[in-house]
Protein chains: 2
Amino acid sequence: MPKLWNETIEAHRAAVRDAILDAAWALVVERGLMSVTMAGIAERAAIGRATVYKYFTDVESVLAAWHERQVAAHLQQLAEIANRPGAAGSRLEAVLAAYARILRGRGEHGPDLGALLHRDGQPEHAQRHLADLVRALLEEGVGSGEFRADVPAGELARYCLHALSAAAGMASEAAVVRLAGVVMSGVAAGG
Amino acid sequence: MPKLWNETIEAHRAAVRDAILDAAWALVVERGLMSVTMAGIAERAAIGRATVYKYFTDVESVLAAWHERQVAAHLQQLAEIANRPGAAGSRLEAVLAAYARILRGRGEHGPDLGALLHRDGQPEHAQRHLADLVRALLEEGVGSGEFRADVPAGELARYCLHALSAAAGMASEAAVVRLAGVVMSGVAAGG
DNA sequence: CTCCTATAGCGACATACTGTCTCGCAAAAA
DNA sequence: TTTTTGCGAGACAGTATGTCGCTATAGGAG
């Protein structure tokens, strides 16, 4: 899609943007984070190098956008699960298990970009929404006595998401399920 | 220490190596990961740029070495705590609390390099030793019935270390202590 | 004490990446 | 159709990279 403008211009921009993000991630996977260059991204996406600068200022911005897109997609899945009927405990367990599965999904290949990208101080927007999603579930469960009340829900949410990052690169699906159970034990009441 | 060779040659090499590592981390903190260059490191360490290549092949190697040195230092502290007398549960709690405090220590400034550096497939050596330290404590506690036996100790160790990474950037010292307690609840028996 | 070898440090060079500017051309508006 | 908008690509200067060769010193042999 370098030259052809088949659709409306806005859709075209979105398509090119996505192609840039995909190309960048492909390079991260196969050559490592530090060797990703704007020139490489452009070549991989089959567009002019200068064109990439029309969309992003530097490599870090590209990777940040990729990460944002990724987390936003996960967020959509997880929000759907979180809104299903049932007690807060079972919903949180479902959300954590689903998130762990996602993280394991592309386990070995590709580092966690979230670690480097909050250079701007705060975590990414989608990442924060994800934390808010978990925190809301926790607060609901604290109200109903399912979860411990001696630790602020915000801290518990941080704990859950960080602990689940251990799912990346785990050997088996069963291990991921076990991990989610362990994390749940950490937030359960009466610990 | 660019030109002067005050001590033995081996000690000098170690000193220059450390200076390179310190310079690299200083640049990470103040300019971000992606903008760290070999040229910048050399200038910061007050040595010739080509000299840096005598010690490390590229920026990623420098950062990996910095991370290795850092984790090894932590490992020494934590091993000392782990070897103190007492039950496995209290020793593990002390180790987790100490590690959480360390991670919080340089909380905001500087991303977690461990996330990006295991490009070589496996985690860093010191990182693995750290996991082994925690795993040994867990296995001991499982034997005495203090910790849950339904999850392999290796997985529990991964869980502990990842969960504690939430300590980086936490607001208060009290929050770090709470976090360690939550993590302990996850590994306790009868969850 | 002197010389010899190995090696640390640095300047220089060719190559690659960066960031920007300008121009050509396709699409949307008039 | 004519005008306007703005995307895409070539080109250029500045910077980083990786390597080669030279100088000088440390540590050991005679």
Side-chain angles (χ1 to χ4, degrees), chain A residues 1-66 116-117 119-120, chain B residues 1-66 116-117 119-120:
Chain A
M1 33 216 80
K3 268 188 167 177
L4 303 179
W5 283 350
N6 298 328
E7 316 155 22
T8 172
I9 196 166
E10 194 171 359
H12 172 72
R13 267 193 80 85
V16 173
R17 192 188 137 98
D18 279 346
I20 291 173
L21 265 44
D22 295 338
W25 182 247
L27 290 176
V28 168
V29 169
E30 70 187 34
R31 291 186 207 174
L33 250 190
M34 306 296 283
S35 60
V36 176
T37 69
M38 292 293 257
I41 293 171
E43 186 181 5
R44 184 83 175 208
I47 61 179
R49 191 176 62 83
T51 303
V52 182
Y53 285 94
K54 295 269 188 177
Y55 289 80
F56 300 99
T57 61
D58 54 11
V59 176
E60 191 166 349
S61 302
V62 178
L63 296 179
W66 182 89
L116 9 161
L117 293 179
R119 159 132 200 79
D120 46 347
Chain B
M1 30 215 84
K3 268 188 167 177
L4 302 180
W5 286 351
N6 298 330
E7 316 158 21
T8 175
I9 197 168
E10 194 172 359
H12 173 71
R13 265 193 81 84
V16 172
R17 193 188 136 97
D18 279 347
I20 291 173
L21 266 44
D22 293 339
W25 182 248
L27 291 176
V28 168
V29 169
E30 68 188 34
R31 292 186 205 173
L33 251 189
M34 306 296 284
S35 59
V36 176
T37 69
M38 292 293 255
I41 292 170
E43 187 182 5
R44 184 83 174 207
I47 60 178
R49 189 175 64 83
T51 303
V52 182
Y53 285 93
K54 295 269 190 176
Y55 289 80
F56 300 99
T57 62
D58 53 11
V59 175
E60 190 166 351
S61 302
V62 179
L63 296 178
W66 181 90
L116 9 161
L117 292 179
R119 160 127 202 82
D120 46 348

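Just so we're on the same page: letters track the sequence lines, and every chain starts at 1.
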Could you report the tightest heavy-atom contact between [X] and [Y], atom names first, then the distance?
X: B:W66; Y: B:L21; value: CD1-O, 3.4 Å
X: B:I41; Y: B:V36; value: CD1-CG1, 3.9 Å
X: B:A19; Y: B:A45; value: O-CB, 4.0 Å
X: B:F56; Y: B:A65; value: CE2-CB, 3.5 Å
X: A:R49; Y: A:A42; value: CA-CB, 3.4 Å
X: B:L33; Y: A:M34; value: O-CE, 4.4 Å

N/O-N/O pairs, protein side and nucleotides 4-6 of chain C side, under 3.5 Å:
none

Whole angstrom is fine here: how far is it from [atom1] in [X] over to [atom2] in [N]?
X: B:I41; N: D:dG18; atom1: CD1; atom2: P; answer: 11 Å
X: B:M34; N: D:dA16; atom1: CE; atom2: P; answer: 15 Å
X: B:L27; N: D:dA16; atom1: CG; atom2: C1'; answer: 14 Å
X: B:K54; N: D:dA24; atom1: NZ; atom2: P; answer: 16 Å
X: A:H12; N: C:dA28; atom1: NE2; atom2: P; answer: 11 Å
X: A:R17; N: D:dC7; atom1: CZ; atom2: P; answer: 14 Å

Q) Does A:Y55 place a side-chain N or O at less than 4.0 Å from the phosphate oxygens OP1/OP2 of D:dG8? A) yes
Q | N or O in side chain of A:T51 less than 4.0 angstrom from D:dC7 OP1/OP2 | A | no
(Q) List the residues meeting salt bridge (Lys or Arg N to Asp or Glu O under 4.0 Å) with A:D58, not counting sequence neighbours, and say none if there are none. (A) none
Q: Heavy atoms under 4.0 Å is the rule here; annotate nucleotides 14-21 of chain C 5' to 3' with B where the base is hit, S where only the sugar-phosphate is, and - elsewhere.
A: ---SBBB-
Q.
For the OG1 atom of A:T51 and the CD1 atom of A:I20, what is their distance to the nearest 0.5 Å?
A. 8.0 Å
Q. In Å and rounded to the nearest 0.5 Å, what is the OG to CD distance from A:S35 to A:E30?
A. 9.0 Å
